[in-house]
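A short write-up of the structure that comes next.
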Amino acid sequence: MSEIDVGLEVNGEQVRARCQPHDTLLALLRYRLGLTGTKEGCGEGECGACTVFMDGEAVDSCLVLAAQCEGRQVTTIEGLGRGWPDGLHPVQKAFMETGAVQCGFCIPGIIMSAADAITRRSDAAREEVRRLVAGNLCRCTGYTKIFDAIELARDRVARGEVRPEA
Amino acid sequence: MIGTVQRILRPKSVDELLSTLAELQGPRHLLAGGTDILVKAKDGKVAPGTWIDVWPLDELRGVTAHDDRIDLGANVTMTDVERSPLLRAEARALWDACYEAGAVQIRNRATLGGNVANASPAGDSIPALYSLGATVHLRSVRGERAVPIEALFTGPGKTVIAPDEAIVRLSLPRVRGAVGAFLRLGQRKAQAISKVSAAATATLGADLTVEAARVALGAVAPTVVRAPEVERLLAGRALEPGLMAEAGELAASGVTPITDVRSTKVYRREMVAVVVRRALASLVDRRRG
């Protein structure tokens, strides 16, 4: 079993890393690149704690092999706020203001899914918001403040109150 | 996982994939979105061998409408299906199945070819594909063959796909005016693997007379199964509530599900009646628009 060399773009930067053939994208991010914002929860695509964007689509990074990332663009929670005021995505800001966090372990993944959801469906009502983040589990909260925060961010973006910096 | 992926190959074309499959010795596993095989591999249920990544093969992506059929590349994802107005209009059972399956992160990676090749009796797209009369196109260096989806599966996780073959596409006959539905029950709405599922696709006359119907059931037998006795019962009759209930009971009496980690045989049998009845009711709603 020989190591493989993987080149990809992570949060706007070209990186190369040596990986094992069985390494996941999650392992590449956390252990080769030191990007520990992305969490490993269940490791089998159930909890969404490891959600990142790959070529613009939300994926569970525990279910993608690092070898599959050659030439791909990946965005993690560390890079989500790039281009937004104060380097914070509107969903991140809304989570801070709403206090939508308890232990915090699930939050990077939930914020990634929420950012994806409000970008694609800026008109999503609560039921649709729930459906779009159903791939993320939180075991502390009752989700109420999480959904409140997502809706706050959705409305601010929809009303043009917060825009990406030029 | 460690040791399971002995090496990973990334062919640049379908031709290269097929020649690779023809020449390889020993266990080989096709990897697309990874949503099933990586979970199995982490569970130690995948034999060590060569993995072949087919995800980058754009030749296998794409939904193409022809006069008589719709072709779906093996790499079409559940999200691709969900975003297709054509499939929502003409292959509603499949659209429902993809809309309901997993969650966004899973649907963005799960492919139809992968869901079929995984051959789970609980695979959500499979009952829908049965109800739509899908054909599976397998290719190898020896040529291409078309297998009706019902002839593809020989048991849980088992298919007639030869070691040198790959699924390249699925095709669905286009039936004007057909309506369809897929329903599932699981531990929760999102993510859960189905305890029981049902798909129905039918053409209904203006008075709701069933002109043709295909009904399929998931997670109640070693493979997804058709419910021919239900289809015979419905033929030529108007879909009214009494007939739907009768069809559900008949479907339930025709299956012998098992008790496993996800559910019991008693619950599954009872729920077959419910999901079949609801699927038929949904056909009526959709026929009426």
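Residue numbers begin at 1 in each chain, while the letters A, B, ... track the order of the sequences. Values below: all heavy atoms of this structure, side chains included; hydrogens, waters and symmetry mates excluded. Being a predicted model, the structure only gives us computed values, none of them experimental.
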Step through the shown structure and confirm whether more than 12 heavy atoms of other residues, nucleotides or ligands are within 6.0 Å of CD on A:E13. no

How about CZ on A:R16, more than 12 heavy atoms from neighbouring residues, nucleotides or ligands closer than 6.0 Å, or not? yes

Closest contact, heavy atoms only, B:A190 versus A:A134: CB-CB, 3.4 Å

Within a 6.0 Å radius of atom CD1 on B:I193, are there more than 12 heavy atoms belonging to other residues, nucleotides or ligands? no

Interface residue of largest heavy-atom contact number with chain B, from A:D60, A:V133, A:N136, under 4.5 Å: A:D60

With a 4.5 angstrom heavy-atom cut-off, is it the side chain or the backbone of A:C42 that approaches chain B, or both, or neither? neither

Min side-chain heavy-atom separation A:R131-B:Y99 under 4.5 Å: yes

Quick check: are there more than 12 heavy atoms from other residues, nucleotides or ligands sitting under 6.0 Å from CD of A:E165? yes

For the residue pair A:H22 and B:T4, establish whether any side-chain heavy-atom pair is separated by less than 4.5 Å. no

Any idea which of B:I8, B:I37, B:T35, B:L31 has the most non-hydrogen atom pairs under 4.5 angstrom with chain A? B:L31

Looking at A:E57 and B:R83, does any basic side-chain N land under 4.0 Å from a carboxylate oxygen? yes

Pick one of side chain, backbone, both or neither for B:A32, based on which atoms fall under 4.5 Å of a heavy atom in chain A. backbone

Sorted by number, residues from residues 114-128 of chain A in contact with chain B (heavy atoms, under 4.5 Å): A:D116, A:R120, A:E128

Start with the C-alpha gap between A:E46 and B:K42, add the side-chain angles, then the distance that decides, and say whether salt bridge (charged side-chain N to carboxylate O under 4.0 Å, His left out) holds. CA-CA 13 Å; A:E46 188 78 34; B:K42 290 179 186 197; over 6 Å; no

Top of B:L38, B:D36, B:T79 for chain A proximity - count of heavy-atom pairs under 4.5 angstrom: B:L38

In residues 69-100 of chain A, which residues are in contact with chain B at a heavy-atom separation under 4.5 Å? A:E70, A:R72

Quick one: pull up CG in B:N108 and CE in A:M54 and give me the separation to the nearest 0.5 Å. 11.0 Å

Determine the option with the most heavy-atom pairs under 4.5 angstrom with chain A, choosing from B:Q105, B:Q191, B:K189. B:Q105

